[in-house]
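Per chain, numbering begins at 1; letters A, B, ... match sequence-line order.
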Amino acid sequence: MSTLVSVAELPAHVGESVTLRGWLYNKRSGKNVHFLEVRDGSGTTQVVVGASDVSAEAFAECDGLTQETSLSITGTVHAHPKRPGVVEVHGTGVTVIGRPSGEFPISPKEHGTDFLMDHRHLWLRSKRQHAILRVRHTIIKAVRDFFDGRGFTLVDAPIFTPNACEGTSTLFETDYHGDPAFLTQSGQLYMEAAAAAVGKAYCFGPTFRAEKSKTRRHLAEFWMVEPEVAFLDLAGDMELAEDMLVFIVERVLAERRAELAVLERDVSKLESVKKPFPRITYEEAIGVLAKAGNPAKYGDDIGGDEETLISSAYDRPVMVHRYPREIKAFYMKGDPDDPRAALCVDVLAPEGYGEIIGGGQREDDLEILTRKIQEHRLPLEAFQWYFDLRRYGSFPHAGFGMGIERCVAWICKLPHVRETIPFPRMLNRLSP
RNA sequence: UCCAGCGUAGCUCAGUCGGUAGAGCAGGCGGCUGUUAACCGCCGGGUCCCUGGUUCGAGUCCAGGCGCUGGAGCCA
């Protein structure tokens with residue numbers, strides 16, 4: 001009798017007869033032997049089928065197998081004769097479950113970006129994409145475990161929102177029973193309400209930006225984790241972000257070494273992600289840029305090139321805090337010690353990945369908040385519920401948002417965020 | 001929205017000075033080897049993105065359009 005096992009479980013069954021089910025990834029054939037490379041989602045293994053081990057019909061059928069045929073394979077688990085620590089299966093029976101109706105579009109050779117994106121549903125089966133999916137999963141699980149382990153409560157934010165919280169130009173508008181509704185850009189305002197209910201809240205869900213951005217760092221639909229904590233100040237907020245990133249990186253290093261190896265990720269770069277992260281003020285960052293010959297001056301926003309310049313000076317994420325108030329959102333609290341600055345922070349990932357986290361302390365004074373919303377020319381009536389949070393026991397609070405895809409791109413060292421999400425939505429792509 | 005580059009076989013690409021279409025891979029057939037993106041031989045495979053223009057002649061030059069890629073702005 002053979003046991004039904006996954007590829008990942010094979011090393012525990014050396015010497016036993018097992019049955020595997022999976023898909024043919026590649027095949028190398030000789031006159032008297034076939035080498036079938038089979039993947040089942042848990043891993044990939046080589047199945048050796050010798051002419052004398054199976055019936056003549058079964059051996060002949062192996063000869064005609066094409067890529068992505070789904071198979072049931074029975075055989076004995078052996079150590080690989082040439083590769084120490086690797087096992088293989090000596091097949092005694094091969095049964096076709098599903099035969100491809102045509103040539104599988106994605107061969108193990110090179111393909112262009114557009115072609116691969118058109119076949120994203122099939123591209124996911126490749127080793128590299130499989131590795132990314134698993135790292136993404138581990139990062140998300142680590143985020144959840146991190147907050148859950150610190151007394152946070154997951155509070156889901158709505159996807160449909162009635163108003164624009166940071167201007168309408170970057171929002172997707174939908175028809176909500178005759179009224180306009182927008183797909184959420186951020187759950188933050190709702191998390192502020194949640195923080196007053198549970199103290200420490202976080203949400204994790206999809207967010208939408210209609211920006212006409214076509215860069216390696218932008219998606220129209222991306223997943224964001226947003227913690228919000230009552231009675232937390234900017235310094236505490238930065239520590240929270242720092243602890244979270246260290247936790248995530250440690251978890252990935254502990255559980256996803258094999259996937260990082262598939263991605264050819266230099267793990268020593270991740271191993272240096274330890275506390276403390278450098279903290280520099282925006283003003284200091286401008287000074288660093290000036291020294292490097294960059295023309296940026298106080299009041300300018302820090303663009304992609306500038307972020308790379310700053311972050312390349314460090315071997316771990318760098319936190320840039322206290323940006324000028326004018327270039328930040330209305331809900332940022334002003335720095336009582338610097339009339340020009342806001343109590344906010346951006347966390348820049350190393351190796352040129354730039355901003356992965358944005359956050360800060362929120363304005364908790366009703367009068368100031370009202371004035372700033374007017375200055376930003378936003379409709380006051382839409383924010384009445386938000387003002388209630390200041391009317392009924394206002395409290396200092398802070399939080400941040402981290403884009404999961406940018407985090408995955410950095411940890412996997414991917415050239416583009418489109419590979420970090422199973423089915424990316426971008427400026428010119430809505431399918432598959 | 002703006003700037004730059006690209007569009008040739010199923011896929012990845014080459015195609016010189018404007019002269020009538022080429023390779024590798026994939027597919028088919030055969031061979032061979034405990035093979036590792038296996039290898040060797042043979043075969044089939046083209047709306048050269050579209051429209052118009054220049055020319056005896058356009059994959060090649062020009063104009064417009066479409067698509068893709070990267071970047072800027074904006075952001076996570």
Side-chain angles (χ1 to χ4, degrees), chain A residues 25-37 44-51 53 63-64 66-68 78-83 86 88 90 100 102-119 122-123 126-128 166-167 169-171 184-188 204-226 241 300-308 323 327-329 345-349 353-359 400-410 415-418 420-421 426-429:
Chain A
Y25 193 69
N26 202 355
K27 174 172 68 87
R28 293 171 290 275
S29 288
K31 192 178 185 179
N32 297 309
V33 64
H34 294 295
F35 299 98
L36 309 178
E37 210 177 321
T44 306
T45 193
Q46 173 167 276
V47 177
V48 185
V49 183
D53 300 330
D63 201 33
T66 57
Q67 193 186 349
E68 292 305 314
H78 289 260
H80 194 291
K82 291 182 185 172
R83 297 186 171 180
V86 176
E88 61 179 17
H90 291 191
E103 185 187 324
F104 191 68
I106 301 177
S107 69
K109 298 283 182 180
E110 289 170 47
H111 297 285
T113 301
D114 194 40
F115 177 82
L116 288 171
M117 291 306 306
D118 280 342
H119 297 85
L122 303 177
W123 186 22
S126 71
K127 278 182 182 159
R128 187 180 160 80
E166 298 179 49
S169 63
T170 63
L171 288 163
T184 183
Q185 280 186 311
S186 161
Q188 184 204 312
F204 176 63
T207 51
F208 307 87
R209 305 276 167 97
E211 295 154 4
K212 302 249 190 274
S213 299
K214 256 175 70 176
T215 79
R216 67 183 69 228
R217 298 182 3 261
H218 288 87
L219 293 168
E221 178 182 307
F222 66 96
W223 287 67
M224 188 153 65
V225 57
E226 294 176 278
D300 294 344
D301 207 351
I302 294 179
D305 291 346
E306 289 79 20
E307 285 181 357
T308 303
Y323 282 68
I327 60 174
K328 286 292 172 183
V345 60
D346 280 358
V347 181
L348 310 182
Y353 280 91
E355 185 180 357
I356 56 169
I357 289 177
F400 62 81
M402 180 177 76
I404 289 292
E405 287 75 17
R406 286 188 180 178
C407 182
V408 175
W410 160 51
H416 199 297
V417 288
R418 65 181 159 226
T420 65
I421 185 165
M426 298 180 290
L427 187 57
N428 292 321
R429 180 162 299 276

Rounded off to whole Å, could you give me the [atom1]-to-[atom2] distance for the [X] and [N] pair?
| X | N | atom1 | atom2 | result |
| --- | --- | --- | --- | --- |
| His218(A) | G71(B) | NE2 | P | 10 Å |
| Tyr25(A) | U36(B) | OH | C1' | 13 Å |
| Tyr323(A) | C75(B) | OH | C1' | 11 Å |
| Gln67(A) | G27(B) | CD | P | 8 Å |
| Lys27(A) | A26(B) | NZ | P | 11 Å |
| Phe208(A) | C74(B) | CZ | C1' | 19 Å |
| Glu306(A) | C75(B) | CD | C1' | 14 Å |
| Ile302(A) | A72(B) | CD1 | C1' | 17 Å |

Would you call [X] and [Y] a side-chain contact if the rule is heavy atoms closer than 4.5 Å?
| X | Y | result |
| --- | --- | --- |
| Phe208(A) | Thr184(A) | yes |
| Thr66(A) | Glu103(A) | no |
| Glu68(A) | Tyr25(A) | yes |
| Met426(A) | Val417(A) | no |
| Arg209(A) | Leu219(A) | no |
| Asn26(A) | Gln46(A) | no |

[X] side chain: which of [options] is closest?
| X | options | value |
| --- | --- | --- |
| His416(A) | A72(B), G70(B), A76(B) | G70(B) |
| Glu211(A) | C75(B), G71(B), U36(B) | C75(B) |
| Thr215(A) | G73(B), U36(B), C75(B) | G73(B) |
| His90(A) | G34(B), A76(B), A38(B) | G34(B) |
| Glu307(A) | G73(B), U69(B), C75(B) | C75(B) |

Please determine whether a side-chain nitrogen or oxygen atom of [X] lies at a distance below 4.0 Å from atom OP1 or OP2 of [N].
| X | N | result |
| --- | --- | --- |
| Asn26(A) | A38(B) | yes |
| Arg128(A) | A37(B) | no |
| His80(A) | G34(B) | no |
| Arg406(A) | A76(B) | no |

For a quick check of understanding: with a heavy-atom distance under 4.0 Å over all strands, which category does [X] fall into, base, sugar-phosphate or nothing?
| X | value |
| --- | --- |
| Glu88(A) | base |
| Asn32(A) | nothing |
| Val417(A) | nothing |
| Thr207(A) | nothing |
| Arg418(A) | sugar-phosphate |
| Leu219(A) | base |
| Asn428(A) | sugar-phosphate |
| His34(A) | nothing |

In Watson-Crick or G-U wobble terms, both distances under 3.5 Å, what is the partner of [N]?
| N | result |
| --- | --- |
| A58(B) | none |
| G27(B) | C43(B) |
| G70(B) | C3(B) |
| C17(B) | none |
| A63(B) | U51(B) |
| U36(B) | none |

Between [M] and [N], how far apart are the [atom1] atoms? Round to whole Å, please.
| N | M | atom1 | result |
| --- | --- | --- | --- |
| U12(B) | C29(B) | P | 25 Å |
| U36(B) | C25(B) | P | 15 Å |
| C42(B) | C3(B) | C1' | 50 Å |
| G41(B) | C32(B) | C1' | 11 Å |
| U60(B) | A14(B) | C1' | 13 Å |
| G10(B) | U47(B) | C1' | 16 Å |
| C66(B) | C75(B) | C1' | 29 Å |
| A72(B) | G45(B) | C1' | 43 Å |

Does a distance-only test, which skips hydrogens and angles, find a donor-acceptor pair under 3.5 Å between the side chain of Arg209(A) and the base of C74(B)?
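It does not, because no donor-acceptor pair links the side chain of Arg209(A) to the base of C74(B) below 3.5 Å.
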On a plain distance test, is the side chain of Arg429(A) in donor-acceptor contact with the base of C68(B) below 3.5 Å?
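A donor-acceptor contact between them is absent.
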Starting at the 5' end of RNA chain B, which residue's closest nucleotide do you reach first, Gly403(A) or Glu37(A)?
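Its nucleotide being nearer the 5' end, the pick is Glu37(A).
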Given Ser186(A) and Glu226(A), is the side-chain hydrogen bond (donor to acceptor under 3.5 Å, both in side chains) satisfied, shown in steps?
CA-CA 8 Å; Ser186(A) 161; Glu226(A) 294 176 278; 2.8 Å; yes
So which atom in Arg429(A) and which in Asp114(A) form the shortest heavy-atom distance, rounded to 0.1 Å?
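Minimum heavy-atom contact is NH2-OD1, 2.9 Å.
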Rounded to the nearest 0.5 Å, what separates atom CZ in Phe222(A) from atom OG1 in Thr420(A)?
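Rounded to the nearest 0.5 Å, the CZ-OG1 separation comes to 11.0 Å.
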Output the distance between atom CZ (Arg216(A)) and atom CZ (Arg418(A)), rounded to the nearest 0.5 Å.
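Answer for the CZ-CZ pair, Arg216(A) versus Arg418(A), is 8.5 Å.
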Near-parallel close stack of Phe35(A) and G34(B) base (under 5.5 Å, under 30°)
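Per 5.5 Å and 30° rule: no stacking.
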According to the interplanar angle, ranging from 0 to 90°, do the rings of Phe115(A) and His111(A) count as parallel (below 30°), tilted (30 to 60°) or perpendicular (above 60°)?
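Ring orientation, 0 to 90° scale: parallel.
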For nucleotides 1-14 of chain B, give me one character per nucleotide, 5' to 3': B if any protein heavy atom sits under 4.0 Å from the base, S if the only such contacts are to the sugar-phosphate, - if neither.
B---------SS--
